[in-house]
There are 2 protein chains.
Amino acid sequence: MIKEKGQILLDYINKYVSLSEAEEAILLSMVTYRKYLKGQFIVQQGDVCKYECFVLSGCTKTFHIDDEGQEHIVMFSIEDWWTSDMGSFITQTPADYNVQCLEKTEMIMFSHDIIEDLYAAIPKLERFFRQIIQKAFVASQKRIVRSFSLSAKERYVYFRNQYPKIEQRIPQYMIASYLGITKEFLSKIKSQLILEQ
Amino acid sequence: MIKEKGQILLDYINKYVSLSEAEEAILLSMVTYRKYLKGQFIVQQGDVCKYECFVLSGCTKTFHIDDEGQEHIVMFSIEDWWTSDMGSFITQTPADYNVQCLEKTEMIMFSHDIIEDLYAAIPKLERFFRQIIQKAFVASQKRIVRSFSLSAKERYVYFRNQYPKIEQRIPQYMIASYLGITKEFLSKIKSQLILEQ
DNA sequence: AATAAATGTTAATCTAGATTAACATGATTT
DNA sequence: AAATCATGTTAATCTAGATTAACATTTATT
């Protein structure tokens, strides 16, 4: 793997745990670097998800297609975030979600085949992943509360403040899907907000 | 701690990792057993959450009170489940949620003061908690998708099938809150379902 | 530059679910 | 047994957001 790409991952991990140089070398030898083009899929609903992916650059959407064929976006992932279908990854059963690149995207990929060996070789990673999953879980629970306690307009304003960088690079109809509303209604909300200020 | 109560926890943990007898003894010496009465609070919104709790018996609700004073139930916890405000627990900042007992409830409590020592003494627990939090995160993400892709009636039917035991012991208006609908509308849904079958 | 494809807007109409309010039942307390 | 409190039901009215459809703008492709 290209050394400077690996360093981005190591810097990220070292914010949570401190790896020795030997551990860093082992880690980088066990993961893989890969580029995807805009539109390519990392995971497809129904397939078994083989990788947990750390995004180096670019952007992905994670979405579910329901029985009526409607697309529901669960999350976006940009630099320094993770993406995959974790449920599928940990149980090795068919994925509920698609993960698709919205831009040219660079990833570091942790294969299911090596993840147990990796934990065995570097037990600290168990702690590292526990910590980042805890954060993700907490964020997910807060999002459930927001989906029930806030109006669509309030959710949009929250999203815009929370993720200003994401809003700029993603089409509005995808943000509507993430917020659980139609693109038409988001358009209405935006024009209301312009009138208000 | 009462030995047979500790055994319930050990049995649960040993489904994920296998503890030696020495580790089991250390674990039980570091956690505490406690009983709560119906109505008592384990965590109160605004306080810092000091404990991760494993429910031995009884039932709790985790809820958030929003700016309008509305209560939103995030989860119920019964036997063999966990409860706390994890966000508050890991960052030791004020809690977003209340956790209140709906019945007389027995818990085993992991204090924030000992949790790091516990991980140091029994590294396997790092793996154990990673695994259960992964499961919780996956469930939470699926719930977000359901909240956007299913109607209130569909969400209720799903809940009833998924947690038949919980439905029986909890007042209907709390189930409505968990589903993100009013008690009046849940009542309407139930009468519709009776007519349908 | 012209065309096509993707994205965004506006407005009319419709509906799932909220709100309000009155009443019913059941459990607890005195 | 009466009274109080918690829980559940029904029905009328209201509203946030969906649906439909027509059009506008921006971006990509030839």
Side-chain angles (χ1 to χ4, degrees), chain A residues 37-40 59 61 63 65-73 76 100-104 144-160 166-196, chain B residues 37-40 59 61 63 65-73 76 100-104 144-160 166-196:
Chain A
L37 299 175
K38 180 174 176 172
Q40 287 192 302
C59 181
K61 65 171 173 176
F63 62 103
I65 309 254
D66 71 20
D67 298 338
E68 273 91 58
Q70 285 272 152
E71 173 174 324
H72 301 277
I73 296 180
F76 300 108
Q100 189 179 18
C101 297
L102 300 177
E103 304 172 1
K104 199 172 68 180
I144 290 173
V145 172
R146 287 197 303 275
S147 82
F148 289 140
S149 64
L150 302 185
S151 68
K153 190 197 265 186
E154 289 167 323
R155 274 179 278 144
Y156 170 62
V157 169
Y158 179 89
F159 175 81
R160 209 174 49 169
I166 293 184
E167 204 198 353
Q168 263 119 58
R169 55 209 268 196
I170 287 175
Q172 198 168 303
Y173 71 89
M174 290 189 192
I175 291 169
S177 171
Y178 175 84
L179 295 172
I181 58 178
T182 59
K183 59 189 184 356
E184 291 85 356
F185 193 58
L186 179 53
S187 187
K188 197 170 173 179
I189 287 170
K190 289 187 87 167
S191 63
Q192 277 174 24
L193 287 171
I194 289 164
L195 289 178
E196 278 169 24
Chain B
L37 299 175
K38 180 174 176 172
Q40 287 190 303
C59 181
K61 65 170 173 176
F63 62 103
I65 309 254
D66 71 19
D67 298 338
E68 274 91 57
Q70 286 273 150
E71 174 174 323
H72 302 278
I73 295 179
F76 299 109
Q100 188 179 19
C101 297
L102 300 177
E103 303 172 2
K104 199 171 67 178
I144 290 173
V145 172
R146 286 197 304 275
S147 81
F148 289 139
S149 63
L150 302 185
S151 68
K153 190 196 265 185
E154 289 167 324
R155 275 179 277 144
Y156 170 63
V157 170
Y158 179 89
F159 175 81
R160 210 174 48 170
I166 292 185
E167 204 198 352
Q168 263 119 58
R169 54 209 268 196
I170 287 174
Q172 199 169 301
Y173 71 89
M174 291 189 193
I175 291 168
S177 170
Y178 175 85
L179 294 172
I181 58 177
T182 58
K183 59 191 183 357
E184 291 85 356
F185 193 58
L186 179 53
S187 186
K188 196 169 172 179
I189 287 169
K190 288 187 87 167
S191 65
Q192 278 174 23
L193 287 171
I194 289 164
L195 289 178
E196 278 170 23

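Protein chains get the first letters and strands the later ones, always in sequence-line order, with residue 1 at the start of each.
The side chain of A:S187 lies closest to C:dT10, out of C:dT10, D:dT10, D:dA18. Which of D:dA16, D:dT10, C:dG17 sits closest to the side chain of A:F185 comes down to D:dA16. Side-chain proximity of A:A152 to the nucleotides D:dT10, C:dG17, D:dG17 is greatest for D:dG17. Picking from C:dT10, C:dG17, D:dG17 the nucleotide with the shortest atom distance to the side chain of B:R155 gives C:dG17. Here the nucleotide nearest the side chain of B:I181, chosen from D:dT7, C:dT7, C:dA18, is C:dA18.
Between B:Q172 and B:K183 the shortest side-chain heavy-atom distance does not fall below 4.5 Å. With a 4.5 Å cut-off on side-chain heavy atoms, B:Q40 and B:Q100 do not count as touching. Contact check for B:Y156 versus B:K190: side-chain heavy atoms found under the 4.5 Å cut-off.
Under a 4.0 Å N-O distance rule, the pair A:E103/A:K61 does not qualify as a salt bridge.
One interatomic measurement links the two molecules: NZ of A:K188 to C1' of C:dA11, which rounds to 9 Å at whole-angstrom precision. As a whole-Å value, the separation of A:Q70 CD from D:dA18 C1' is 10 Å. Taking atom NZ of residue A:K38 and atom P of nucleotide D:dT27, one finds them 11 Å apart after rounding to whole Å. Residue A:K190 contributes atom NZ, which lies 14 Å from atom C1' of D:dT25 at whole-angstrom precision. Per the geometry, CG belonging to B:L193 stands 15 Å off C1' belonging to D:dT9, to the nearest Å. Following rounding to the nearest Å, A:L186 (CG) and C:dG8 (P) show an atom-to-atom distance of 9 Å. Distance CD1 (A:I194) to C1' (C:dT9): 11 Å, rounded to an integer number of Å. Protein atom CD1 of B:I189 is 14 Å distant from nucleotide atom C1' of D:dG8, rounded to whole Å.
Of the side-chain N and O atoms in B:T182, none sit less than 4.0 angstrom from OP1 or OP2 of C:dG17. The shortest distance between the side-chain N/O atoms of A:Q172 and the OP1/OP2 oxygens of C:dT9 is below 4.0 Å.
Remark on DNA chain D: of its neighbouring residues A:E184 and A:S151, the 5'-side contact belongs to A:S151, judged by nearest-heavy-atom nucleotide.
Remark: A:K188 is not positioned above the aromatic ring of A:F185, lacking an NZ or CZ atom under 6.0 angstrom from the ring centre and at most 45 degrees off the axis.
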